[in-house]
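To start, the structure under review is shown below, and the notes come after it.
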Amino acid sequence: MHRPECAFTNALTIDVEDYFQVSAFAPHINRSDWNGFECRVEKNVNTILEMLSKHGVKATFFTLGWIAERYPEMVREIVRNGHELASHGYGHERANTQTELAFFTDVQLAKMVLEDLSGIEVKGYRAPSFSIGSVNLWAFEALASAGYQYSSSVYPIKHDHYGMPESPRFAYEACPGVMEIPMTTCRVLNRNLPSGGGGYFRFFPYAFSQWMIRHVNAHEGESSVFYFHPWEIDVDQPRVEGLSRKTRFRHYVNIEQMKNRLNQLLIDFKWDRMDKVFANRLKVYDTPN
Ligand SMILES: [Zn+2]
């Protein structure tokens, strides 16, 4: 397998949710109707596990409690394959539309569900739609109270649904006991460009995404954090009706190229789980046994 010389190991992450749960669809799909949709997440996660195994890569799976309860074998299979199991909350409510108590209840429940099903400690959390920002920094205290050690919930960019462009761009202690590891951006012409995956990765030409990750590694001396969703490799997912043009474009753009691009990304860079890539920063929170 060809893998260029590179001093940096980057963090590969997957937000485990299904296509009907994405925040941009919330105005079109009631949460109470979720049970009526065909779930495709298990099949897609199995495909991802095969891809990662083929490339010898370990990753972090930020998994929804709602999904984990319905697919406990999938959760255990993620762990059996040597990947890190982390939390994406329970019900995919944006952190910035919840009260502090509701947020705490959601993240605590997700941690309990994931730990009960897997038998291992869950240390990491990612907020739905990167919904921790300047208006709800209390969320970090709630994560500390729930027993999380790190969060990867801030995207330091300007975006109409999320983002905190003024946030530090690389890992920092967000509150005592919790490290925030933001999604990676590339600083070009005084702007933070999103280089951490998702819709941008499908939209930009592959070579540009590749250049941004290399730039962060080589010129800033930092590991990149990259994310995608299981539904992004699923070209046959049922199409949701009634979406605005913008939402439809963002969800489906270049989805047919995603598997090939991911395979190339797995070849071009070194990847590992979040807790391994950032082990030195996180070890201050480990309690001796
Ligand atoms: Zn999500």
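Atoms within a ligand are numbered from 1 in the order they appear, just like the ligands themselves.
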Cation-aromatic face contact Lys111/Tyr148, 6.0 Å, 45 degrees: yes

Partner set under salt bridge (charged side-chain N to carboxylate O under 4.0 Å, His left out) for Asp15, not counting sequence neighbours: Arg126

Within 45° cone of Trp34 ring axis and under 6.0 Å: Arg31 NZ or CZ: yes

Contact check, side chains of Tyr19 and Glu38, non-hydrogen atoms, under 4.5 Å: yes

Partners passing side-chain contact (heavy atoms from CB on, under 4.5 Å) against Ser53 (at least two apart in sequence or in another chain): none

Nearby protein N/O/S atoms (those under 2.8 Å) for the Zn ion (ligand 1), with water ignored: Glu17 OE1, His88 NE2, His92 NE2

side-chain contact (heavy atoms from CB on, under 4.5 Å) partners of Thr99, counting only residues at least two apart: Leu101, Ala102

